[in-house]
Amino acid sequence: MINLKTKIPGPKSLRILTKLKAKNGGWGVTYPFVLSSKGKGAYCEDIDGNVFLDFGSQIASNPFGYNHPELLEVLKAYGKRTPIKFAGQDFAVEEHLKMIEELTSITPRNLDNAFLINSGAEAVENAIKICMRSRPKTKVGISMERAFHGRTLGALSLTNSNKVHKKGYMRLPMLRLPYDESAAEHLETILATEVYPDEIGFVILEHVQGEGGYTPAPKKMVEDLRKITKKNGIPYISDEIQAGIGRTGKWWAFQHYNIVPEVFTSGKALQVGAVVANHSLFPNEAGAISSTWGGGHILDLAMGLKTIELIKKQKILQRNERIGQYCLKALNDVAGISNQRGIGLMLAFDLPSQEIRDNVLLECVQNGLILLGCGIKGIRVIPPYIVEEKDIDTAITIIEKAVKTCSVKKFKHRGKIYDFLHCGRSHA
Ligand SMILES: Cc1ncc(COP(=O)(O)O)c(C=O)c1O
């Protein structure tokens, strides 16, 4: 249950956040509390003893919430060993193989190899690298308007959701397609006027856009793009870092569209970054792709393996679809919000303006509900997979009240809370 014992941020949190703000290179969007290791299910506790309901799931990377007993067992099993970080692309551990086997067991059959790496952005980097390596005439890559694929320089070139991510950084040569039914027509024009098919390294897209606005792709857009990329032999990459591992009610968001990409990426809920493709697409020269900690942190691999096992054992895909529908229906009845959307437990809604969105986020945190922003004026609703209907009811009540409070003309938040939460303008 939500239980707020202090003002937010509480005194212990405030002390740490103030120091962190001064010392942390690249101050971002830290929420106005410091998490303790306590918490249960969808609820987390801060170091001041405040309990929050978490509908942000550590930006979709915490699918089983806080202190899940079976995940705690995994930690216990590894608790007494060092090292836990191996140079995994050079020195093998069994978990590496098990993860690749599990991952390829939940993917279309021809995607039979996986490369593991530290983060989502690095997964994207390596996805585009293997495509380019297999296409030596590559001149450009293609991504979508409002896409988010990460912040390393290669991935950042594909990203198009917010210019604050990009200011001052050099880019790879990219062309962009609109994220709507006209995308295929634009691609045809590019092929007719700009470049030959073998000069396009890849087309990359999220089948539900994440940071850029939580928008599910139109069916026709995906079908048409897939047809053209197939016809022209252009590798099609599905970025599943936010939407994958069951959040949308299927293992991978592309499965809602009955297509199979040449490559897809995973991360976040998987606990480790991954590129999945057919064996033939990976470079066969040693060292072409690697990283010291690539192969995955052994604990991340073990937690990711348990995550996949729990999803299978507890029939989470069906559960996410069902409970997602419950949540979407409840959101549809909330006054003052619009464009309620999403698939499974990857949901969002819009407020009338960015300012109201920012204030609603703050107001919800102040009342014990953690949400994340997206796009220009959107809010994500991404609870952990173990969320109960009664937790959704609690969240909806808080959202309803917050929207009402913040919709009053000239409403403005003041005080310490505003110093720390910059309202979800730069999440991932
Ligand atoms: C679709 C997508 N791709 C790539 C990334 C980058 O992942 P990471 O933040 O782990 O580098 C994100 C992160 O939010 C994402 O949502």
Side-chain angles (χ1 to χ4, degrees), residues 26 28-30 56-63 115-129 131 141-162 164-166 169 172 174 176 179 202-217 222 236-248 251-254 256 261 263-276 291 293-294 296-297 300-301 303-304 307 342-348 371-375 378-382 424-428:
V29 288
T30 303
S57 296
Q58 303 298 320
I59 324 188
S61 66
N62 184 25
F115 170 81
L116 305 180
I117 196 77
N118 305 295
S119 67
E122 284 174 276
V124 169
E125 295 285 334
N126 284 285
I128 63 173
K129 277 176 75 178
C131 293
I142 294 188
S143 69
M144 310 302 288
E145 289 173 3
R146 303 213 74 84
F148 186 89
H149 297 291
R151 291 180 170 89
T152 52
L153 281 180
L156 189 67
S157 303
L158 322 181
T159 290
N160 183 243
S161 64
N162 193 333
V164 74
H165 303 148
K166 309 187 73 153
Y169 305 132
L172 293 176
M174 291 296 301
R176 219 72 69 185
Y179 196 76
F202 53 85
V203 169
I204 185 167
L205 68 151
E206 303 150 273
H207 288 86
V208 182
Q209 281 197 329
E211 203 273 340
Y214 264 50
T215 316
V222 173
Y236 180 105
I237 308 173
S238 178
D239 184 341
E240 297 282 344
I241 286 161
Q242 186 140 179
I245 302 291
R247 179 151 289 278
T248 66
W251 284 109
W252 313 109
F254 67 74
H256 291 282
V263 186
F264 73 87
T265 56
S266 184
K268 291 190 187 275
L270 185 66
Q271 309 300 305
V272 57
V275 183
V276 185
S291 156
W293 290 337
H297 188 304
D300 294 341
L301 293 170
M303 298 292 263
T307 299
I343 316 178
L345 275 182
M346 189 165 181
L347 304 172
L371 292 164
L372 297 167
C374 64
I379 289 186
R380 306 175 216 202
V381 181
I382 46 171
R425 289 203 184 161
S426 189
H427 294 300

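Each ligand, and each atom within it, is numbered from 1 in the order the structure gives.
- For the pair E122 and ligand 1, no heavy-atom separation below 4.0 Å is found.
- Under the 4.0 angstrom criterion for non-hydrogen atoms, I59 is not in contact with ligand 1.
- Looking at R247 and S57, their side chains come closer than 4.5 Å, going by heavy atoms from C-beta outward.
- Between Q242 and E206 there is no side-chain heavy-atom pair separated by less than 4.5 Å.
- A perpendicular orientation is assigned to the rings of F254 and H207, their planes being inclined by more than 60° (bins at 30° and 60°).
- Of the polar atoms of E206, none of the N or O atoms is found under 3.5 Å from an N or O of ligand 1, judged by distance alone.
- By the 3.5 Å distance cut-off applied to N or O atoms, V124 is not counted among the residues near ligand 1.
- Close approach of ligand 1 to Q242 is summarised as follows: ligand atoms under 4.0 Å from at least one heavy atom of the residue are 14 (O), 16 (O).
- Contact record, T159 with H165: CG2-ND1, 4.0 Å, taken as the closest heavy-atom pair.
- For the 3.5 Å distance criterion, the side chains of S143 and H149 fail to qualify, holding no donor opposite an acceptor.
- Heavy-atom proximity to A121, at under 4.0 Å, picks out these atoms of ligand 1: 6 (C), 7 (O), 8 (P), 11 (O).
- Within the 4.5 Å cutoff, no side-chain heavy atoms of V276 are placed close to those of F115.
- Not a single heavy atom of G210 sits closer than 4.0 Å to an atom of ligand 1.
- Checked by atom type, the side-chain pair E122/S119 shows a donor-acceptor distance below 3.5 Å.
- Within the 4.0 Å heavy-atom shell around ligand 1 one finds H149.
- Contact atoms of ligand 1 toward G150: 4 (C), 6 (C) (distance under 4.0 Å to a heavy atom of the residue).
- Comparing I204, T265, D239, L158 by heavy-atom distance to atom 3 (N) of ligand 1, the nearest is D239.
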